[in-house]
Structures are given as C-alpha cells and as structure tokens.
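Structure first, commentary second.
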Amino acid sequence: MSLIAPSILSADFLQLSKDVQMVNDSQADWFHLDIMDGRFVPNISFGLPVVGAIKREAKKTLDVHLMIEEPGNYAEAFQKAGADILSVHIEACPHLHRNLQQIHSLGMKAGVAINPHTPVSQLFDVLHDVDVVCMMSVNPGFGGQKFIEYTLDKIRTLKAEINRRQLKTLIEIDGGVTLDNAKIITDAGADVLVAGNTVFSAADPTATIAELKRITSAN
Ligand code: DX5
Ligand code: ZN
C-alpha cells in the first residue's frame, strides 16, 4: 500500500482550512507542499507564512518540496515553519551532500527531488543519506500535467539500487498521478504518491484518497 500525499497546490486557497481538515480526516498520510520561486521553475506558488498556517491545523506529516534556487538559505526557515520532510532539487544543489547534512542537523527528514531528465544514478553516491527521493514525473512548476511514462523505468532502476543496498529510502512520485496509473506506479516500486489535481478536482476528494489507497494496496 502506498502512502498518499495530497498536494495543496491544487487546493482552494480561499478555503484552505477546510481542505486541510479534509486531508486530516481522510486516509491520506502526508501533506505535500510545493514551494516555487519563479526562478528554478517558471511559476510562483506560496511561501513560509502559508506553510506555518497549514502547520497549525495539520495533523499529518508536512512534506515540503522546494522548487527554489539556493534552498540551503531557507532550510532553517522552513523547519521553523513546520516542515517534517524537506526536499531540495538535485539540479539546484551543487553541494547536495552539504544540503542533506544541513537538513538532518535541523531535525528534518531529507528529500532529494529529481527532474525527469536527470538520471537517478546521480543520486547513488548520497543515497544512504536520503530519506525520500521525490521523483518528478512531470516537469515541475504546475499541477495538472500528464504523467511522463519513462518515469516508470527510473522508478525500477532506483528501487533495485535501494533494495540491493538494503536502504530505507522511500520513492515518492510527483506529478500526473491518477486513479488510472496509480497501480502501475506502485507496482514499479513507488512508496509514496503525490496527488494534486486527482484529489482536489474530484467531486469527492475524501473518497478519491480512499480509492488511491485501495488501488495501491491490491496485488
Ligand atoms: C509540480 C508539483 C506537484 C504538483 C502535482 O511541480 O511538484 O507536486 O502539485 O500536481 P498533480 O498531481 O496535479 O500533477
Ligand atoms: Zn511537488
């Protein structure tokens, strides 16, 4: 069974409290929070005050995905705002090992996000220091995009390496997850599914989260 992380990027920002409560009361496991700076990605989302506000009501893990340049300058601020897991992009981190040490020293789980064009082998040397690989299955910046199919091969390659070394690193898939592809993604080796549009555009988001849990638990 996969962990499910609804992406707040697709929530109704005028009713954020209601959407946070919905996730609290659902079978979802984490809140996925997308931070965009308009430089690393061509979009701007929300920042520290919104993460802090969500933290006050959230009863589940806050999984914060930084799509920003120089993320090390903000790691402490996001920890103070309430991040439990902090993911930085490998493409934004020339000193990734240092970023991972910083995140751990601040008491958070460390995630590395990786764009569709970046080979997973670039993570192998630091994999033992990575709690979560946030594997992008769309080009980051926007919700509601189509799943990029070759991500499935990247999941299999990464899973094989994690298993070979008996690591506990989780594979999280971010972008384009639907009720139709959730099972094949889980079968490829994903442990966590982010779902924005699929959850928040549904007529019944709570039931959709339950359905994602059900689909990913079946053999
Ligand atoms: C994309 C973000 C995703 C996004 C996923 O840049 O990192 O987390 O919210 O949205 P969906 O599930 O709609 O593709
Ligand atoms: Zn994300």
Side-chain angles (χ1 to χ4, degrees), residues 2-13 16 19-20 22-23 26 28-47 50-51 54 58 60-69 71 74 78 83-93 108-118 130-149 151-152 154-155 170-186 190-203 205 208-209 211-213 215-216:
S2 294
L3 302 180
I4 305 298
S7 173
I8 294 300
L9 187 64
S10 295
D12 180 349
F13 293 162
L16 203 44
D19 284 346
V20 169
M22 182 280 292
V23 175
S26 76
D29 299 275
W30 297 352
F31 287 84
H32 185 82
L33 307 184
D34 289 307
I35 312 300
M36 305 178 184
D37 65 355
R39 296 182 67 217
F40 180 71
V41 288
N43 197 8
I44 295 173
S45 56
F46 51 82
V50 175
V51 175
I54 292 170
K60 297 177 179 180
T61 296
L62 290 199
D63 168 38
V64 176
H65 174 193
L66 297 183
M67 284 161 274
I68 68 175
E69 293 187 358
Y74 299 93
F78 279 101
D84 299 297
I85 303 167
L86 195 67
S87 293
V88 296
H89 263 268
I90 188 170
E91 300 85 3
C93 294
M108 295 178 285
K109 300 268 191 205
V112 180
I114 179 165
N115 279 338
H117 76 278
T118 305
V130 180
D131 299 297
V132 182
V133 173
C134 178
M135 193 183 289
M136 297 309 303
S137 39
V138 298
N139 288 295
F142 304 92
Q145 301 182 80
K146 190 176 177 310
F147 182 83
I148 297 171
E149 289 292 325
T151 308
L152 294 170
K154 295 179 70 178
I155 299 171
L170 298 177
I171 302 179
E172 173 180 46
I173 299 305
D174 189 7
V177 172
T178 66
L179 293 172
D180 290 331
N181 63 21
K183 177 155 172 52
I184 191 167
I185 295 169
T186 302
D191 305 291
V192 188
L193 302 184
V194 174
N197 194 55
T198 291
V199 166
F200 288 101
S201 297
T208 301
I209 292 167
E211 185 64 5
L212 284 167
K213 290 297 276 191
I215 290 169
T216 59

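By convention here, the first residue in the shown sequence is residue 1. Whatever order the structure lists them in is the order used to number ligands and atoms, beginning at 1. Please read all numbers here as calculations on a predicted model, not as lab measurements. Heavy-atom basis, side chains included; hydrogens, waters and symmetry copies ignored.
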- Message: Does any N or O of ligand 1 fall below 3.5 Å from an N or O anywhere on G176, backbone included?
- Response: yes
- Message: Walk me through whether D34 and S7 qualify under side chain to side chain donor-acceptor pair (under 3.5 Å).
- Response: CA-CA 7 Å; D34 289 307; S7 173; 2.8 Å; yes
- Task: Give the residue and atom name of whichever protein heavy atom lies nearest to atom 9 (O) of ligand 1, and the separation in Å to one decimal.
- Result: S7 OG, 2.7 Å
- Message: For M108 versus L86, what's the shortest heavy-atom pair and its separation?
- Response: CE-CD2, 3.8 Å
- Message: Can you name the atoms of ligand 1, numbered from 1 with element, that are less than 4.0 Å from a heavy atom of P140?
- Response: 6 (O)
- min-distance N/O/S atom, D174 vs the Zn ion (ligand 2), resolves to OD2
- Location of contacts on L9 toward ligand 1, heavy atoms closer than 4.0 Å: side chain
- Measure the distance from atom 1 (C) of ligand 1 to every protein heavy atom, then report the residue, atom name and distance (to 0.1 Å) of the closest one. F142 O, 3.5 Å
- Note on the structure: In short, P140 meets V41 closest at the heavy-atom pair O-CG1, 3.5 Å
- Minimum-distance pair of heavy atoms, taken over all atoms of N115 and K154: O-NZ, 3.1 Å
- Message: Only heavy atoms of G175, strictly under 4.0 Å: list the atoms of ligand 1 that pass.
- Response: 14 (O)
- Numbering the atoms of ligand 1 from 1, which are under 4.0 Å from a heavy atom of M67? 6 (O), 7 (O)
- Query: Do you know which two heavy atoms are closest between K213 and S2, and how far apart they sit?
  - Reply: NZ-O, 2.9 Å
- Using a cut-off of 6.0 Å, state whether more than 12 heavy atoms not belonging to Y74 lie near its atom OH. no
- Angle at the Zn ion (ligand 2) between NE2 of H32 and ND1 of H65, to 10°? 100°
- Indicate whether any N or O donor in one side chain lies under 3.5 Å from an N or O acceptor in the other, for T198 and T178. no
- Task: Using a cut-off of 6.0 Å, state whether more than 12 heavy atoms not belonging to I184 lie near its atom CD1.
- Result: no
- Flag N139 as yes when one of its N or O atoms lies below 3.5 Å from any N or O atom of ligand 1, and as no otherwise. no
- Item | Nearest non-hydrogen partners of A5 and E172, listed with the distance | CB-OE2, 4.4 Å
- Query: Should you measure from each heavy atom of H32, which atoms of ligand 1 turn up under 4.0 Å away?
  - Reply: 8 (O)
- Message: Which atom name does D34 have for its N/O/S atom nearest to the Zn ion (ligand 2)?
- Response: OD1
- Message: Check the orientation of H89 and F40. Use parallel for under 30°, tilted for 30 to 60°, and perpendicular for over 60°.
- Response: tilted
- Considering the heavy atoms of M36, write down every atom of ligand 1 situated less than 4.0 Å from one of them. 6 (O)
- Message: Considering both backbone and side-chain atoms of S10, is one of its nitrogen or oxygen atoms within less than 3.5 Å of a nitrogen or oxygen in ligand 1?
- Response: no
- Task: Please tell me if the side chains of V138 and D174 come closer than 4.5 Å, counting only heavy atoms from C-beta onward.
- Result: no
- Task: For V194, counting its heavy atoms only, list the atoms of ligand 1 lying under 4.0 Å from any of them.
- Result: 8 (O)
- Task: Go through ligand 1 atom by atom and flag the ones less than 4.0 Å from a non-hydrogen atom of H65.
- Result: 7 (O)
- Which ligand 1 atoms, with their elements, are less than 4.0 angstrom from a heavy-atom of D174? 2 (C), 3 (C), 4 (C), 5 (C), 7 (O), 8 (O)
- Query: Can we say D63 and K109 salt-bridge, meaning some charged N sits less than 4.0 Å from an Asp/Glu carboxylate O?
  - Reply: no
- V177 versus V194: any side-chain heavy-atom pair under 4.5 Å? no
- Message: Among all protein heavy atoms in this structure, tell me which lies nearest to atom 11 (P) of ligand 1, with the distance rounded to 0.1 Å.
- Response: G144 N, 3.6 Å
- Task: Please indicate whether any nitrogen or oxygen in G141 is less than 3.5 Å from any nitrogen or oxygen in ligand 1.
- Result: yes
- Query: Taking N or O atoms only and a 3.5 Å limit, does T198 qualify as a polar contact for ligand 1?
  - Reply: no
- Task: Output yes when the distance from some N or O of ligand 1 to some N or O of G196 is under 3.5 Å, and no in every other case.
- Result: yes
- Minimum heavy-atom distance between K60 and A28, given as atom pair plus value: NZ-O, 2.7 Å
- Message: Just to confirm my output: which protein heavy-atom neighbour is closest to atom 4 (C) of ligand 1, and how far is it?
- Response: D34 OD2, 3.6 Å
- Query: Is G143 in polar range of ligand 1, meaning some N or O pair under 3.5 Å apart?
  - Reply: no
